[in-house]
Amino acid sequence: MIDELRLIHYPVIIGSGKRLFPDQRMVPLTWNVMEQHTFDNGVSIIRYERNKNQI
């Protein structure tokens, strides 16, 4: 089981793509944003922690 997830997001507009979380409700219900940093170039680093109440 994964307890922590760190994503580095590079914003690119390509018109379409595959979603990491197909069901948008999954992210707020099962994961809590613990830390987020956005750089001047638009790149974001986001650290999620699993919501222990939803396990």
Side-chain angles (χ1 to χ4, degrees):
M1 181 182 295
I2 298 172
D3 293 325
E4 183 175 300
L5 180 65
R6 294 179 188 215
L7 296 179
I8 300 174
H9 177 258
Y10 294 88
V12 177
I13 298 174
I14 57 173
S16 65
K18 186 175 180 180
R19 291 182 178 270
L20 179 60
F21 299 107
D23 183 359
Q24 286 296 329
R25 294 171 291 171
M26 179 187 163
V27 178
L29 291 177
T30 351
W31 298 94
N32 295 322
V33 176
M34 300 307 292
E35 187 177 347
Q36 179 177 355
H37 181 77
T38 304
F39 297 93
D40 292 336
N41 62 0
V43 174
S44 297
I45 298 176
I46 308 167
R47 183 172 69 95
Y48 296 94
E49 191 172 90
R50 191 163 183 83
N51 185 345
K52 292 170 180 50
N53 294 330
Q54 297 291 326
I55 296 175

How many angstroms lie between atom [atom1] of [X] and atom [atom2] of [Y], to the nearest 0.5 angstrom?
X: W31; Y: R50; atom1: CH2; atom2: CZ; answer: 5.5 Å
X: Y10; Y: N41; atom1: OH; atom2: CG; answer: 8.5 Å
X: I8; Y: R47; atom1: CD1; atom2: CZ; answer: 14.0 Å
X: N51; Y: N32; atom1: CG; atom2: CG; answer: 4.5 Å
X: Y48; Y: Q36; atom1: OH; atom2: CD; answer: 7.0 Å

When hydrophobic residues are tied together by side-chain contacts of less than 4.5 Å, even through go-betweens, does M34 share a cluster with L5?
->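 Different clusters.
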
L7 reachable from V33 in the ILVMFWY side-chain graph, under 4.5 Å edges |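 Yes, V33 connects to L7 through the hydrophobic network.
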
What are the two closest non-hydrogen atoms of S44 and T38, and how far apart are they?
->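 Result for this residue pair: OG-OG1, 3.2 Å.
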
